[in-house]
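For clarity, every value in this text was computed on a predicted model and none was experimentally measured.
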Amino acid sequence: MIQFHEESKTFHLYNDQISYIFKILKNNQLGQLYYGKRIHDRDNFDHLFETSPRPMSSCSYEGDLTFSLEHIKQEYPVYGSGDLRHPAIDITQENGSHILNFEYVNHQIIQGKPQLDHLPATYVEKEDEAQTLIITLYDDVIDTKLQLSYTIYHDLPVITRNAFIINEGKQKLRLNQMMSMSLDLPDQDYEMIELTGSWARERSIKTRKLTEGIQSIYSLRGCSSHQFNPFIALKRENCKETSGEVLGFSLVYSGNFLAQVEVDNYHVSRVSMGIHPHCFEYLLNHLDSFQSPEVVMVYSNQGLNKMSQTYHQLYQKRLARGKYRDQVRPILVNNWEGTYFDFNEDKIVSMANTAKELGIELFVLDDGWFGNRNNDHQGLGDWFPNLDKLPHGIRGLSKRIHDLGLKFGLWFEPEMVNEDSNLYRNHPEWILKTPHRKSCHGRNQYILDFSNHEVVEYIAQAMMNVIDDSYISYIKWDMNRCMSEVYSSTHDVSSQGRIMHEYILGVYHLYDVLTTKYPDILFESCASGGARFDPGMLYYAPQCWTSDDTDAIERLKIQYGTSLVYPLSSMGSHVSAIPNHQTFRNTPLETRANVAYFGTFGYELDVNQLTFEEKEIIKKQISFMKQYRSLFQFGTFYRLKSPFTSNETAWMVVSHDKTRAIVGYYRPLQEVNVGYRRLPLLGLDEDKMYHVNGLDLYGDELMNVGLIISDSSCGENKDGIGDYYSKLYILKERKENE
């Protein structure tokens with residue numbers, strides 16, 4: 001429900017769980033009043049508007065020392081007109097001024113949720129799922145319109161925000177910064193959660209207490225990055241997994257971003273999120289416009305688990321799209337860690353034949369199938385089959401695998417090129433390269449200029465030539481380097497500040513072309529693993545390769561951190577060979593599977609190198625996953641024990657009707673002579689009887705007393721002893737008459 005109270009000029013967005021309240025101030029700008037748990041609606045919330053005279057303040061009205069924008073909580077602030085904190089928007093005008101004054105003009109409340117032009121965003125399937133408020137503001141000095149959009153979902157504690165600007169005047173404006181949202185909170189008593197890391201250790205959970213000044217995360221790499229994910233949360237100090245208050249902020253975007261909290265010296269916390277302003281500059285001529293990406297805000301007063309479950313539900317059902325949004329994912333094997341570049345057609349077919357015998361459903365051919373690609377120095381960009389390796393091409397290979405009864409998948413890295421390639425030799429001007437400057441490479445490759453529509457169309461046609469000629473059911477879309485020396489030879493000087501954003505729009509466009517033409521193909525995004533694991537990608541590809549680190553023990557932290565925002569159905573998770581290729585660790589095959597089950601599941605190894613015993617175990621693993629994959633991928637997920645705080649990790653997934661659940665318990669390092677342990681579960685029906693571990697136990701006992709998980713490190717029983725131990729507990733409802 002969105003309510004506008006005309007007399008008090010107050011907007012109240014609310015549902016059964018949340019309220020978001022702001023008003024039109026006496027200067028015709030927007031002031032923030034409240035965001036949090038649902039409160040009763042009323043005609044007037046002016047008592048929540050706080051002002052007071054402050055020394056050294058710049059005040060808007062002669063004789064009124066209380067109305068200073070520096071000390072008023074706002075919705076979309078600008079710099080300089082009294083407010084000297086960081087703004088949401090910055091524009092350089094023809095006279096050199098940056099001073100802005102966007103005043104309220106009108107608003108409209110509509111059912112449903114409009115789409116964003118050329119940008120991914122959450123959506124609705126029926127208009128009654130959400131309401132949207134669009135507020136129009138205007139600066140009459142520069143004749144520029146600013147629209148702020150707010151959507152509140154009916155059944156979820158979710159508000160989405162974005163901003164749109166159009167220059168309706170004659171002067172040329174330079175848009176230097178445009179955040180998707182800004183929110184002023186009345187205090188600083190929060191801890192900021194962020195997801196940080198690097199290659200092979202993505203999305204570790206880090207927490208820091210807010211303090212005066214700026215705390216921020218960002219990416220300037222042209223992608224959302226391994227280093228930081230475009231998400232932050234602000235939680236109260238007493239907030240845990242199942243209790244306490246937390247606010248989540250997630251940006252639906254795949255390029256450079258900034259998420260920051262500025263705490264002023266009166267303890268107001270200003271949260272802002274959007275495209276990073278560094279190297280961002282949009283020239284807005286008459287009637288030129290710019291649309292910001294969307295921020296998804298989630299409120300929970302039931303802890304971090306509830307926040308995460310809200311994101312999971314929304315991103316799984318109202319961000320991801322297409323055939324595979326609601327379908328279980330095929331169990332696959334990828335040849336990369338099994339063969340790298342060293343393969344031929346017969347070797348691949350032999351591996352596929354063994355995979356079929358094990359029960360695998362999809363064979364994925366990774367890097368090395370095209371051009372003169374025998375190592376990572378050559379061939380990238382030449383999307384035609386290497387006939388020395390594959391004499392019958394992708395068409396012939398895919399048919400042979402298809403005839404075995406397997407689906408066939410193929411790897412592409414469409415955004416990149418090697419110097420040693422036909423594409424580079426024919427079009428050296430198609431890479432991002434700054435004139436008269438040395439260009440860095442990454443993985444021996446360079447970045448194609450996807451801000452150039454001609455480049456995108458060329459790559460689209462090259463990919464379609466392969467796809468149309470073959471039996472392809474899955475595409476792994478990789479991206480293996482970050483941006484540097486960003487400059488487009490096909491754009492003029494005034495357009496260079498928009499290249500990084502328009503590059504991402506080019507990526508989105510290519511995804512849109514291919515997913516529209518091939519609705520039956522499952523797309524998985526990848527960027528050296530997790531460098532572009534973000535909501536923008538999930539709009540086009542319902543799953544992402546979570547990390548290039550396939551070690552099960554490392555994956556505990558990676559998948560645990562990822563689950564803070566992203567559903568299990570989005571996490572590419574595979575069983576790999578040992579010693580692991582990243583950590584050289586030898587982990588039991590059982591534990592490798594017990595971690596990988598909580599995701600899309602597959603294998604990353606040469607199945608022909610398995611022993612007979614390993615093949616028999618894998619057959620059972622695949623059979624088990626087929627039985628329970630709907631629960632794993634679409635059940636309700638709960639975090640129970642964090643790998644960031646102890647030697648144990650535990651999580652579980654519960655069916656929507658609460659009749660089934662699976663608990664994963666992991667203890668990486670063996671301990672000696674430890675005490676007894678119980679693991680309280682979550683999400684069960686307290687009145688249902690569950691059969692688990694040979695016992696019949698009520699849900700209330702399992703949640704309040706816990707599941708016995710003690711090991712026997714000093715006894716005669718040696719089950720479960722040793723490093724890298726794991727166990728799954730299967731819970732099934734036991735009916736009274738059974």
Side-chain angles (χ1 to χ4, degrees), residues 200-201 203-205 240-242 304-305 546-547 549-564 568 571 573-580 582-599 601 617 620-621 624-625 628 632 637-654 661-684 692-695 697 702-703 705-731:
R201 51 180 177 87
R203 290 174 297 286
S204 293
I205 298 175
K240 308 300 181 185
E241 284 290 351
T242 59
L304 295 169
N305 253 315
T546 312
S547 175
D549 191 338
T550 58
D551 176 73
I553 303 306
E554 293 299 308
R555 273 299 188 101
L556 291 173
K557 289 183 177 180
I558 294 168
Q559 291 176 208
Y560 190 98
T562 302
S563 76
L564 214 61
L568 297 190
M571 296 187 207
S573 52
H574 295 172
V575 176
S576 61
I578 57 170
N580 178 264
Q582 291 79 48
T583 65
F584 310 106
R585 181 182 281 132
N586 291 299
T587 307
L589 183 53
E590 180 182 31
T591 292
R592 284 176 269 160
N594 287 348
V595 175
Y597 288 138
F598 289 84
F601 196 70
I617 293 172
K620 292 178 181 178
Q621 291 175 350
F624 175 81
M625 185 60 182
Y628 290 107
F632 279 121
F637 184 69
Y638 294 85
R639 293 179 296 271
L640 305 177
K641 278 183 170 292
S642 170
F644 297 101
T645 58
S646 75
N647 185 39
E648 299 173 284
T649 303
W651 50 43
M652 65 184 292
V653 62
V654 183
I662 299 177
V663 179
Y665 173 77
Y666 313 88
R667 194 255 301 122
L669 298 180
Q670 177 64 60
E671 299 166 299
V672 178
N673 198 21
V674 296
Y676 299 114
R677 286 172 172 159
R678 293 177 180 176
L679 179 67
L681 305 186
L682 295 171
L684 303 176
V692 54
N693 222 24
L695 298 172
L697 303 170
L702 288 165
M703 291 189 291
V705 179
L707 192 65
I708 302 292
I709 57 171
S710 305
D711 67 22
S712 355
S713 57
C714 285
E716 294 296 325
N717 181 7
K718 300 301 181 184
D719 292 342
I721 301 304
D723 291 343
Y724 318 133
Y725 168 73
S726 70
K727 185 173 181 178
L728 296 186
Y729 297 88
I730 313 300
L731 285 70

Closest heavy-atom contact between [X] and [Y]?
| X | Y | answer |
| --- | --- | --- |
| Tyr665 | Ala650 | CD1-CB, 4.3 Å |
| Ala200 | Ile558 | O-CD1, 3.6 Å |
| Ala552 | Thr591 | CB-O, 4.2 Å |
| Ala661 | Leu684 | CB-CD2, 4.0 Å |

Starting at [atom1] of [X], measure out to [atom2] of [Y] and round the result to the nearest 0.5 Å.
| X | Y | atom1 | atom2 | result |
| --- | --- | --- | --- | --- |
| Arg677 | Ile708 | CZ | CD1 | 12.5 Å |
| Phe637 | Met571 | CZ | CE | 6.5 Å |
| Arg203 | Thr546 | CZ | OG1 | 6.5 Å |
| Phe644 | Ile205 | CZ | CD1 | 5.0 Å |
| Tyr729 | Ile709 | OH | CD1 | 6.0 Å |
| Leu697 | Leu681 | CG | CG | 9.5 Å |

Check side chain to side chain contact (heavy atoms under 4.5 Å, CB included) between [X] and all other residues, then give those that pass, not counting sequence neighbours.
| X | value |
| --- | --- |
| Ile617 | Leu589, Gln621 |
| Ala596 | Ser573, Val575, Phe601 |
| Ile578 | Asn586, Arg592 |
| Asn647 | Arg667, Pro668, Leu669, Glu671 |

Which residue pairs pass the salt bridge (Lys or Arg N to Asp or Glu O under 4.0 Å) test with at least one member in residues 549-563, sequence neighbours excluded? Asp551-Arg585, Glu554-Arg585

Would you say that Thr242 contacts Tyr638 through its side chain, given a criterion of any heavy-atom pair below 4.5 Å between the two side chains? no

May I ask you to test the Ile553-Asn580 pair for a side-chain heavy-atom distance under 4.5 Å? no

Residue list, side-chain hydrogen bond (donor to acceptor under 3.5 Å, both in side chains) with [X], at least two apart or on another chain:
| X | value |
| --- | --- |
| Ser642 | none |
| Arg639 | Glu241, Ser308, Ser563 |
| Arg678 | none |
| Lys727 | Asn693 |

Mind checking what makes ring-ring contact (aromatic ring centres under 6.0 Å, His included) contact with Tyr666, not counting sequence neighbours?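 Partners of Tyr666 by the ring-ring contact (aromatic ring centres under 6.0 Å, His included) criterion, ordered by chain and then number, come out as Trp651.
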
Would you please name every residue forming a ring-ring contact (aromatic ring centres under 6.0 Å, His included) with Phe624, sequence neighbours left out?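 Partners of Phe624 under the ring-ring contact (aromatic ring centres under 6.0 Å, His included) test: Tyr597, Tyr628.
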
Does Lys641 offer a backbone N or O that forms a donor-acceptor pair with the side chain of Thr649 under 3.5 Å? no

Full working for side chain to side chain contact (heavy atoms under 4.5 Å, CB included) between Ile662 and Phe598: CA-CA 10 Å; Ile662 299 177; Phe598 289 84; 4.2 Å; yes

Is a donor from one side chain sitting under 3.5 angstrom from an acceptor on the other, for Gln670 and Tyr725?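 No.
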
When you compare the side chains of Ser726 and Glu590, does any donor N or O come within less than 3.5 Å of an acceptor on the partner?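 No, no side-chain donor-acceptor pair sits under 3.5 Å.
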
Test side-chain contact (heavy atoms from CB on, under 4.5 Å), reference Val663, set Val653, Leu728, Val654, Leu679, output is Leu679

